[in-house]
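Below is one structure; the comments refer to it alone.
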Amino acid sequence: MSQVRVRFAPSPTGPLHIGGVRTALYNYLFAKKNNGTFILRIEDTDQTRFVEGAEKYIMESLKWCGIIVDEGINEGGNYGPYRQSDRKSLYRQYADILLEKGYAYYAFDTPEQLDALRKESEKEHKTFIYNADVREKLNNSISLKESEWKEKLNRGENYVIRYKMPQNEDINFEDIIRGKIVVNTSTLDDKVLFKSDGMPTYHLANIVDDHLMEISHVIRGEEWLPSLPLHIMLYRSFGWQAPLFAHLPLLLKPDGKGKLSKRDGDKMGFPVFPLFWPYGETAKGYREEGYYPEAFVNMLALLGWNPGTEKEIFSLKELIDSFSIERVGKSGSRFDPEKAKWFNHQYLENRTDKQLASEFKEHLNAHGYQVADDRLEALVGLVKMRVSFVKDLWDQVDFFFKAPETYDQEAIKKRWKDDSVKQLSELKTILEKIDDFSSSRTEEAVMTWIGEKGYNTGAVMNAFRLVIVGASRGPHIFDITSWIGKEETLRRIDAGLSSIGR
RNA sequence: GGCCCCAUGGUCAAGCGGUUAAGACAUCGGCCUUUCACGCCGGUAACAGGGGUUCGAAUCCCCUUGGGGUCACCA
């Protein structure tokens, strides 16, 4: 295979949706796997849809994911510029080539006229297509006399350049993921290639740019499949060798039908975007929700691609090593927010206590507490298997920092027995005698005492937990008492005794 | 509606002519235990339907059904 060059070509019309991120990811994985180049090209040929901040958002999103752009607006490269609006001057000449070769023509129909025709067809339950059947009846350089259309041109009348789709011709082409596809040109229309505002449409621009940038593989979403025949025809008309195509299956919404949209995220409470979108109608992002980029990328990679093994946890490096486009599935994948959480949990649990402690530190400070690093490390180690996100850690450790102010009524009802007061009072005297307050030593002493007295272990321990924690929750009780220390433990027993009493 | 794509449990999915049809998430039991979680063990649960091809089809072909995408001077 010659040099692999792939591009991710989003249009900056808003925040990048996770489906787009996945497309970028697959392009990136494919490029790196094949020692190729990953290019970021901004497709902003529609000036009316320009959205401030979108371009930057795209770049930040990729960066957050760990996807490194080889060639692009910021990175430079030998095939620039990498923003289509900066390439504006370059497209017209290619439209002219098609005009000269007779593969394209001028059309003067106004959008209003075309709209009217479409509506008319709709009434008759037919689809209006601008093709060989009707173009003779419309206003263009094919139907009009040469003097007429040249006159229009000279007068400066608005026009577009359309591709002259041949009649009744089978186009055979191949998609890496889907195999052979045949489409008859009669079902296709004369797409606009060049708009009256002097900008090319996507169709022209992407072919010209992919050719000029020597793109070897076009990996994009399935929604582009219907326009692939046109693109193939364009390559042929130019006499250029077309790149190889791979159309990725769509990401579907978790419930119901259709492709994933922003609405689903709002409705079901999960993000549809990698980062928080701060403009206009804001949107949640995975980063701000507390997802690790590694977990996010891992989850996304496995949505539509599978290595064929049982391995599920992949670093970006491992993804690159095992990725292959042939193993991308054909059918759409329904996105599952639960599994996304699970992935994050896996990554969180695999963090070292040291890493986790430093990540949690700011959250702890925000709650108004500070603690030595080694103590915090010990603490997160005790509870990390119980959460999926760093921000959820606080709810697991709050009672380590503050003694209970109230006691869970349910727990009292269930765990506070008639002899709890007596037993906890005794327990207190036992604990007072212990010098080494380590978890194991304390446990040993307490268990010995319970054994000697013949108490019910569960009864004692649950009541003990109730006064220490304030509820029936938390890790191993002696890990807690060891961490908060002897003094605090005794204080909490007293407080519980007098508060719950009886 | 035209055109195109797709079809294995609730979800992600393995399978690429011969399997007791994996595994993961979720769910439900059980074990562990001093609560909860983790962990471990186990259960429920799938080849959309119908025709072919074949000694033999989840796997190949056709039809039906279902789902999705796309039909702009948007990408």
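Letters A, B, ... are given to chains in the order of the sequence lines, protein chains preceding strands, and every chain is numbered from 1.
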*If you look at every strand shown and take non-hydrogen atoms under 4.0 Å, does A:Glu349 touch a base, only sugar-phosphate, or nothing?*
sugar-phosphate
_Rounded P spacing from B:G17 to B:C73 in Å_ = 46 Å
*asked:* With a 3.5 Å limit on both atom pairs, tell me what B:U20 is paired to, counting Watson-Crick and G-U wobble, or say none.
replied: none
*With P as the reference atom in both, quote the distance from B:G23 to B:U34 in angstrom, rounded to an integer.*
32 Å
_Which residues pass the salt bridge (charged side-chain N to carboxylate O under 4.0 Å, His left out) test with A:Lys311, not counting sequence neighbours?_
A:Glu318
*So what does A:Asp408 touch, heavy atoms closer than 4.0 Å: a base, only the sugar-phosphate, or nothing?*
nothing
*asked:* Taking B:G9 as the reference, what is the distance to B:G43 when you measure between their C1' atoms (whole Å, please)?
replied: 14 Å
*Please determine, for the side chain of A:Pro111, which listed nucleotide (B:U35, B:C73, B:A13) has the closest atom?*
B:C73
*Heavy atoms under 4.0 Å, any strand shown: does A:Phe478 hit a base, just sugar-phosphate, or nothing?*
base
*Classify the nucleic acid contact of A:Glu443 as base, sugar-phosphate or nothing, counting any heavy atom under 4.0 Å across all strands shown.*
base
*For B:C47, which nucleotide is its Watson-Crick or G-U wobble mate, given both distances must be under 3.5 Å?*
none
*asked:* With ring pair (Phe, Tyr, Trp, His ring centres under 6.0 Å) as the test, pick out the partner of A:Tyr286 among A:Tyr292, A:Phe389, A:Tyr291.
replied: A:Tyr291
*Short question: side chain of A:Asn131, backbone of A:Thr187 - any donor-acceptor pair under 3.5 Å?*
no
*Which salt bridge (Lys or Arg N to Asp or Glu O under 4.0 Å) pairs, counting each pair once, include a residue from residues 193-210 of chain A, with sequence neighbours left out?*
A:Arg7-A:Asp210, A:Arg41-A:Asp209, A:Arg41-A:Asp210, A:Arg87-A:Asp209
*When we call it a touch if two heavy atoms are under 4.0 Å apart, what does A:Leu114 touch: a base, just sugar-phosphate, or nothing?*
sugar-phosphate
*asked:* What contact category does A:His247 fall into here, base, sugar-phosphate, or nothing, at under 4.0 angstrom with non-hydrogen atoms?
replied: nothing
*Could you check whether A:Lys259 gets within reach of a base, just the sugar-phosphate, or nothing at all, counting any heavy atom under 4.0 Å?*
sugar-phosphate
*Among B:A75, B:C73, B:G15, the one nearest A:Arg118 by side-chain distance*: B:C73
*asked:* Students often get this wrong, so: under 4.0 angstrom with heavy atoms, is A:Arg220 touching a base, only sugar-phosphate, or nothing?
replied: nothing
Would you tabulate the nitrogen or oxygen pairs shorter than 3.5 Å linking the protein to nucleotides 59-66 of chain B?
none

*Touch check for A:Gly329, heavy atoms < 4.0 angstrom, all strands: base, sugar-phosphate only, or nothing?*
nothing
*Where do A:Ser322 and A:Phe314 come nearest, in terms of heavy atoms and distance?*
OG-CE2, 3.5 Å
*salt bridge (charged side-chain N to carboxylate O under 4.0 Å, His left out) with A:Asp264: which of A:Lys259, A:Lys253, A:Arg334?*
A:Lys253
*Applying a 3.5 Å limit to both distances, which nucleotide forms a Watson-Crick or G-U wobble pair with B:C3?*
B:G69
*For B:A75, which nucleotide in any strand shown is its Watson-Crick or wobble partner with both distances under 3.5 Å?*
none
*Could you tell me whether A:Arg118 and A:Asp115 make a salt bridge, using a distance below 4.0 angstrom between a side-chain N and a carboxylate O?*
yes
*In terms of side-chain heavy atoms of A:Arg327, which of B:A24, B:A14, B:G69 is nearest?*
B:A14
Below 3.5 Å between N/O atoms, which protein atoms pair up with nucleotides 19-23 of chain B? Just atom names and distances, please.
{"residue": "B:G23", "atom": "O4'", "partner": "A:Glu310", "partner atom": "OE2", "Å": "3.3"}

_Between A:Glu426 and A:Tyr455, is there a side-chain donor-acceptor contact under 3.5 Å, judged purely by atom types and distance?_
yes
*With A:Phe273 via ring pair (Phe, Tyr, Trp, His ring centres under 6.0 Å) - residues at least two apart*: none
*If pairing requires Watson-Crick or G-U wobble contacts with both distances under 3.5 Å, which nucleotide is the partner of B:U34?*
none
*Can you name the residues that form a side chain to side chain donor-acceptor pair (under 3.5 Å) with A:Ser438, not counting sequence neighbours?*
A:Asp436
*asked:* Under 4.0 Å, heavy atoms only, any strand: does A:Val192 hit a base, just the sugar-phosphate, or nothing?
replied: sugar-phosphate
*Could you tell me whether A:Pro475 contacts a base, only the sugar-phosphate backbone, or nothing, with contacts defined as non-hydrogen atoms closer than 4.0 Å?*
base
*Could you tell me whether the side chains of A:Asn140 and A:Asp109 share a donor-acceptor contact shorter than 3.5 Å?*
no
*Pick the C1' atom in B:U59 and in B:C16, then give their distance to the nearest Å.*
6 Å
*For A:Ser196, report the nucleic acid contact type (base, sugar-phosphate, nothing); a contact means any heavy atom under 4.0 Å.*
base
*Return each pair, listed once, that meets salt bridge (Lys or Arg N to Asp or Glu O under 4.0 Å) where at least one residue sits in residues 9-27 of chain A; pairs must be two or more places apart or across chains.*
none
*Non-neighbouring partners of A:Thr127 that pass side-chain contact (heavy atoms from CB on, under 4.5 Å), sequence neighbours left out*: none
_Results of side chain to side chain donor-acceptor pair (under 3.5 Å) for A:Glu410 - residues two or more places apart only_ = none
*For RNA chain B, which residues in residues 40-51 of chain A have a heavy atom at a distance below 4.0 Å?*
A:Glu43, A:Thr45, A:Asp46, A:Arg49
*Which part of the nucleic acid, if any, lies within reach of A:Ser472 when heavy atoms closer than 4.0 Å are counted: base, sugar-phosphate only, or nothing?*
base
*Could you check if a side-chain atom of A:Gln346 sits within less than 4.5 angstrom of a side-chain atom of A:Glu312, using non-hydrogen atoms only?*
no
*Side-chain N,O (A:Lys195) to OP1/OP2 (B:A75) below 4.0 Å*: yes
*Between A:Gln84 and A:Asn462, who's closer to the 5' end of RNA chain B by nearest nucleotide?*
A:Asn462
*Would you state whether a donor and an acceptor, one from the side chain of A:Thr127 and one from the base of B:G1, lie under 3.5 Å apart?*
yes
*A:Tyr347: what forms a side chain to side chain donor-acceptor pair (under 3.5 Å) with it, not counting sequence neighbours?*
A:Asn298
*Side chain of A:Arg465, base of B:U35: donor and acceptor closer than 3.5 Å?*
yes
N/O contacts under 3.5 Å, protein versus nucleotides 4-10 of chain B?
{"residue": "B:C5", "atom": "O2'", "partner": "A:Arg178", "partner atom": "NH1", "Å": "2.6"}
{"residue": "B:C5", "atom": "O2'", "partner": "A:Glu222", "partner atom": "OE2", "Å": "3.3"}

*Any luck finding a side-chain donor-acceptor pair between A:Asp479 and A:Ser439 under 3.5 Å?*
yes
